[in-house]
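To start, the structure under review is shown below, and the notes come after it.
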Amino acid sequence: IFPETNFIDVAVGDGDEITSLKSYGDRLLQFKRDKLYILNISGKTEVLESEHPNAGISNPTQVVKTSNGIAWINAIGLWFFDGETVKCLTRHLELDGYVEDTPEINPFIAFDEKSNRVIYTPKKVVGLITQWYIYDFELNAYQSFYQGNLFPTVTTDAGTQYYSNF
């Protein structure tokens, strides 16, 4: 995929560092702290296809490959690239931002292939005060859980039962 020199020059000298690289189909997503660059790598040479300000990440733990594209979180919200377009899935829900985008906080995201959901937290906290979010791609539904209770439970004679697709 890469040229013999094994590098691609994209936005050189912008003062921003590359935080993650992900591929989907014939596209390479280059994440920096402040921007996302999408390169088309289908031909003999790479072509910068698009540039997305405010779509960057500070840690590689903020981006994950799914079965339908690439998902990531930042201070703006939950983003998704489906191979064609980039969109923020939660901009209307969290207008004041919910990811504290600093290396000390270390937000992270994961994908559950079985349920086609992403699960993420804006900040990993010790104890039971971590806030979790789930986005279901099939339902286009969004949920949040507080204080460590990620999944609903019910207590029966057999004890506490945890319900989860993860």
Side-chain angles (χ1 to χ4, degrees), residues 1-95 97-103 105-124 132-145 150 164-166:
I1 294 177
F2 293 104
E4 289 181 16
T5 55
N6 208 24
F7 71 90
I8 300 171
D9 286 333
V10 178
V12 176
D14 64 354
D16 204 357
E17 64 183 278
I18 296 172
T19 55
S20 184
L21 292 172
K22 290 287 183 193
S23 65
Y24 186 74
D26 57 3
R27 303 298 193 276
L28 179 66
L29 283 70
Q30 180 191 68
F31 291 90
K32 292 190 171 191
R33 290 186 182 279
D34 298 321
K35 289 186 181 179
L36 164 68
Y37 298 95
I38 298 179
L39 295 101
N40 186 325
I41 54 174
S42 64
K44 291 186 179 186
T45 60
E46 302 77 28
V47 176
L48 178 60
E49 195 168 89
S50 60
E51 180 179 329
H52 303 272
N54 302 316
I57 59 172
S58 61
N59 292 293
T61 59
Q62 292 176 246
V63 61
V64 67
K65 189 171 191 173
T66 74
S67 55
N68 299 320
I70 304 293
W72 67 98
I73 56 171
N74 68 13
I76 304 295
L78 174 66
W79 296 79
F80 189 69
F81 174 70
D82 62 3
E84 299 290 324
T85 60
V86 171
K87 62 181 168 180
C88 183
L89 302 174
T90 58
R91 183 182 307 259
H92 64 287
L93 296 175
E94 304 290 346
L95 296 176
Y98 57 90
V99 173
E100 292 184 31
D101 222 351
T102 63
I105 300 297
N106 198 25
F108 64 91
I109 187 170
F111 176 67
D112 178 52
E113 194 172 312
K114 189 185 265 185
S115 65
N116 198 27
R117 295 176 179 165
V118 290
I119 178 173
Y120 58 100
T121 182
K123 54 184 164 183
K124 189 169 50 174
W132 296 95
Y133 296 88
I134 297 174
Y135 189 87
D136 187 313
F137 286 109
E138 292 177 21
L139 300 174
N140 291 319
Y142 169 86
Q143 268 181 296
S144 66
F145 294 90
L150 180 56
S164 168
N165 288 326
F166 296 95

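All of these numbers come straight from a predicted model, not from anything done at the bench.
- Closest heavy-atom contact between S67 and Y24: O-OH, 3.7 Å.
- Remark: the backbone N or O of I76 is paired with a side-chain donor or acceptor of N74 at under 3.5 angstrom.
- We find the CD-CG distance between E46 and L39 to be 7.5 Å, quoted to the nearest 0.5 Å.
- Nearest heavy atoms, T66 versus F80: OG1-CE1, 3.6 Å.
- With rounding to the nearest 0.5 Å, the separation of CD1 in I109 from OH in Y133 is 12.5 Å.
- A search for side-chain contact (heavy atoms from CB on, under 4.5 Å) contacts involving T85 returns D82, not counting sequence neighbours.
- In terms of the salt bridge (charged side-chain N to carboxylate O under 4.0 Å, His left out) criterion, E113 has no residue partners (sequence neighbours excluded).
- F31 is linked by a ring-ring contact (aromatic ring centres under 6.0 Å, His included) to W72, counting only residues two or more places apart in sequence or in another chain.
- Across all non-hydrogen atoms, the minimal contact from T19 to S58 is CG2-O, 3.8 Å.
- Here the CG atom belonging to N68 is positioned 6.5 Å from the CZ atom belonging to F111, to the nearest 0.5 angstrom.
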Note to self: Evaluate I38 against L36 for side chain to side chain contact (heavy atoms under 4.5 Å, CB included), listing each step before the verdict.
What the structure shows: CA-CA 7 Å; I38 298 179; L36 164 68; 4.2 Å; yes
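- Nearest heavy-atom pair across W79 and C88 is CE3-N, 3.9 Å.
- Pairs of residues two or more places apart, or lying in two chains, that qualify as salt bridge (Lys or Arg N to Asp or Glu O under 4.0 Å) and include a residue from residues 47-63 are R27-E49, K35-E51.
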Notebook entry, point to check: Going through the checks in order, is the side chain to side chain contact (heavy atoms under 4.5 Å, CB included) test met by S23 and K65?
Noted result: CA-CA 8 Å; S23 65; K65 189 171 191 173; 4.0 Å; yes
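- With sequence neighbours excluded, the residues that form a side-chain contact (heavy atoms from CB on, under 4.5 Å) with K87 are L89.
- Contact of the I73 side chain with the T90 side chain is not registered, since no non-hydrogen atoms from C-beta on lie closer than 4.5 Å.
- The distance from the OH atom of Y142 to the CD1 atom of I134 is 11.0 Å, given to the nearest 0.5 Å.
- Legend: residues meeting side chain to side chain donor-acceptor pair (under 3.5 Å) with S42, ordered by chain and number and at least two apart, are N40.
- Of the possible donor and acceptor atoms, one in the side chain of D16 sits under 3.5 Å from a partner among the backbone N and O of D34.
- With sequence neighbours left out, the ring-ring contact (aromatic ring centres under 6.0 Å, His included) criterion links Y135 to F137.
- For D136, the salt bridge (charged side-chain N to carboxylate O under 4.0 Å, His left out) partners two or more places apart in sequence, or in a different chain, are R117.
- In plain terms, the two heavy atoms of S20 and P60 that are nearest each other are CB-CA, 4.2 Å.
- Side-chain N or O atoms of Y120 include none that pairs as donor or acceptor with a backbone N or O of V63 at under 3.5 Å.
- Interatomic distance, H52 NE2 to L29 CG, rounded to the nearest 0.5 Å: 8.0 Å.
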